[in-house]
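Numbers here are sequence positions counted from 1.
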Amino acid sequence: MPAPAGVSQALPRASILRRIPPGIWALGFVSLLMDVSSEMIHALLPVYLVTALGASTLAVGFIEGIAEATASITKVFSGALSDWLGRRKVLAAIGYGLAAFTKPVFPLATTLGWVVAARFVDRIGKGIRGAPRDALIADLAPPDLRGASFGLRQSLDTAGAFLGPALAIGLMWLTSDNLRLVFWAAVVPGFAAFALILFTVHDAPARAGKKRVRSPLSRAELGRLPPLYWWIVGVSAVFTLARFSEAFLVLRAQELGLALMLIPLVLVLLNLVYSLSSYPIGVLADRHDRGMLLALGMLVLVLSELVLALVGGMTGLALGVFLWGLHMGMTQGLLATLVAEVAPESLRGTAFGVFNLVGGLALLAASVVAGGLWDVLGSRATFLAGACFAGLALLILVPVARQARKSGHAHR
């Protein structure tokens with residue numbers, strides 16, 4: 001999966017950042033604010049479910065898996081609808097708005113059912129916004145800067161994902177572990193994200209001759225997605241089986257004896273590494289072999305899961321979480337870039353929707369299996385199983401990348 005031809009190998013990083021359109025920067029900061037809001041809650045939610053509401057780790061696996069699968073299923077329809085409408089922003093704004101308005105439910109919840117309902121609706125909002133937002137980034141980005149554009153958006157998004165837990169730690173210390181007050185504080189950045197997308201983000205100008213899609217999910221239209229796209233979807237699905245919900249990293253920290261107030265540090269470290277690595281990897285993806293970068297990311301996940309399974313203590317936890325964040329930075333923006341490159345312009349929303357649907361179903365399966373293994377065999381079995389799936393995805397990727405180089409269709 002080589003980089004597109006014609007990209008300067010020595011383009012300064014500052015020049016790249018200046019060339020990225022303002023709409024992509026705005027979408028990045030929208031993602032940052034919403035992730036601050038979400039991660040202030042999610043950093044503490046697994047522990048809250050287990051300790052305060054009496055849920056089992058298997059229940060946590062079901063809740064996390066179903067929540068993410070719901071988001072992924074919704075992305076199919078929102079992505080297809082954005083192709084049919086020819087407009088992306090309105091759906092993205094609805095999704096962010098729905099997520100913002102459900103945030104107050106978390107501090108108000110008194111039973112497990114309330115939390116499950118809030119998590120479910122919050123993820124519907126994520127599903128509505130996800131595919132149209134990614135398709136809008138692909139529409140706005142210059143062709144030779146797609147990797148950098150997706151990397152920047154992912155980097156800003158993930159900056160929010162480590163700022164959120166960091167704020168949660170500070171508020172837990174200031175309020176003597178008052179979980180509900182932390183959940184209330186998370187409401188503010190959620191509404192700020194909604195306001196930002198309403199007033200600063202706009203659809204890409206309509207291109208003359210662009211085809212309107214009448215039935216994006218019809219067999220005929222899906223048949224226009226090239227074979228390489230379906231290979232990317234398949235590789236990503238197997239890979240997702242290895243990277244189950246990050247809630248299990250939080251539970252691993254609790255198992256190793258990390259103090260309740262410090263448990264959000266797990267997500268702070270993970271997302272700090274994720275954020276710092278996403279944009280540089282995106283820049284590299286515009287210049288170098290993307291298949292090789294993706295393979296290296298999968299190898300890093302194998303190492304992360306082996307460390308989490310076999311190395312004890314805080315040192316093993318920190319190293320495993322560091323490697324987990326690095327693999328996310330090396331793979332997530334890159335996979336989105338590959339989808340944007342191989343999908344026809346008029347079907348980008350649908351392509352991202354289907355891609356996320358398959359990934360969400362794989363995440364549901366992975367989280368349920370991880371929770372079951374943890375309950376029956378312990379945490380070591382959970383992480384060793386993840387390492388095996390990551391290794392399998394790596395084996396599948398090798399012939400796919402070779403085929404992409406021979407065909408020359410990896411990028412347009």
Side-chain angles (χ1 to χ4, degrees), residues 1-5 7-21 24-25 27-29 31-32 35 133-134 137-138 140-162 232 235-236 239-240 242-243 246 267 269-305 319-342 352 355-356 359 390 393-394 397-398 400-401 404-405 410-411:
M1 299 176 186
V7 178
S8 170
Q9 299 297 309
L11 192 63
R13 183 172 296 183
S15 298
I16 294 173
L17 289 172
R18 283 196 295 268
R19 289 184 58 211
I20 293 176
I24 293 175
W25 280 96
L27 285 168
F29 282 107
S31 294
L32 185 153
D35 254 35
R133 180 204 60 210
D134 290 343
I137 291 171
L140 293 171
D144 61 332
L145 291 180
R146 282 207 180 102
S149 296
F150 277 101
L152 175 66
R153 206 286 308 176
Q154 191 67 67
S155 182
L156 289 171
D157 176 277
T158 314
F162 74 76
I232 293 168
V235 169
S236 177
F239 187 45
T240 301
R243 57 173 196 85
E246 291 154 15
L267 297 184
L269 175 60
L270 184 151
N271 288 302
L272 177 62
V273 177
Y274 187 2
S275 178
L276 292 176
S277 58
S278 291
Y279 175 69
I281 292 297
V283 173
L284 288 175
D286 287 328
R287 305 178 183 183
H288 300 291
D289 190 315
R290 292 173 177 172
M292 179 61 69
L293 289 172
L294 191 58
L296 288 174
M298 292 180 178
L299 181 59
V300 170
L301 178 59
V302 173
L303 295 175
S304 171
E305 305 226 47
L319 179 58
V321 171
F322 176 91
L323 291 171
W324 192 289
L326 181 60
H327 107 266
M328 295 288 285
M330 295 178 71
T331 59
Q332 299 310 292
L334 185 50
L335 285 166
T337 302
L338 292 172
V339 172
E341 289 291 344
V342 303
F352 276 109
F355 172 78
N356 285 293
L394 183 58
L397 176 65
V398 172
V400 173
R405 291 193 199 97
H411 302 282

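Taking CG from Leu335 and CZ from Phe355, the interatomic distance works out to 4.5 Å, rounded to the nearest 0.5 Å. Taking CG from Leu156 and OG from Ser275, the interatomic distance works out to 7.0 Å, rounded to the nearest 0.5 Å. Note: Thr158 OG1 to Met328 CE = 7.5 Å, rounded to the nearest 0.5 Å. The CD1 atom of Ile281 sits 11.0 Å away from atom OG1 of Thr337, with the distance rounded to the nearest 0.5 Å. Interatomic distance, CG of Asp157 versus CG of Leu152, reported as 11.0 Å (0.5 Å rounding).
Residues passing the side chain to side chain contact (heavy atoms under 4.5 Å, CB included) test with Ala138 are Phe150, Ala340, Arg348, sequence neighbours excluded. For Tyr274, there are no ring-ring contact (aromatic ring centres under 6.0 Å, His included) partners two or more places apart in sequence or in a different chain. Legend: residues meeting side chain to side chain contact (heavy atoms under 4.5 Å, CB included) with Ala141, ordered by chain and number and at least two apart, are Ile24, Arg146, Ser149. With sequence neighbours left out, the salt bridge (charged side-chain N to carboxylate O under 4.0 Å, His left out) criterion links Asp35 to no other residue. Scored by the salt bridge (charged side-chain N to carboxylate O under 4.0 Å, His left out) test, Arg133 finds no partners at all (sequence neighbours excluded). Residues satisfying the side-chain hydrogen bond (donor to acceptor under 3.5 Å, both in side chains) criterion with Ser31, sequence neighbours excluded, are Tyr96, Arg153. Looking at residues two or more places apart in sequence or on another chain, you find a side chain to side chain contact (heavy atoms under 4.5 Å, CB included) between Val300 and Leu323, Leu326, His327, Met330. Partners of Leu272 under the side chain to side chain contact (heavy atoms under 4.5 Å, CB included) rule, at least two apart in sequence or in another chain, are Phe162, Leu276.
Within the 4.5 Å cutoff, no side-chain heavy atoms of Gln154 are placed close to those of Tyr279. In this structure, Leu301 and Met298 have side chains that are not in contact, with every pair of non-hydrogen atoms separated by 4.5 Å or more. A heavy-atom distance below 4.5 Å is not found between the side chains of Ser155 and Pro280. Side-chain contact between Leu394 and Val302 is absent, with no heavy atoms from C-beta onward closer than 4.5 Å.
Scanning both residues, Gly325 and Ser277, for their nearest heavy atoms gives O-OG, 4.2 Å.
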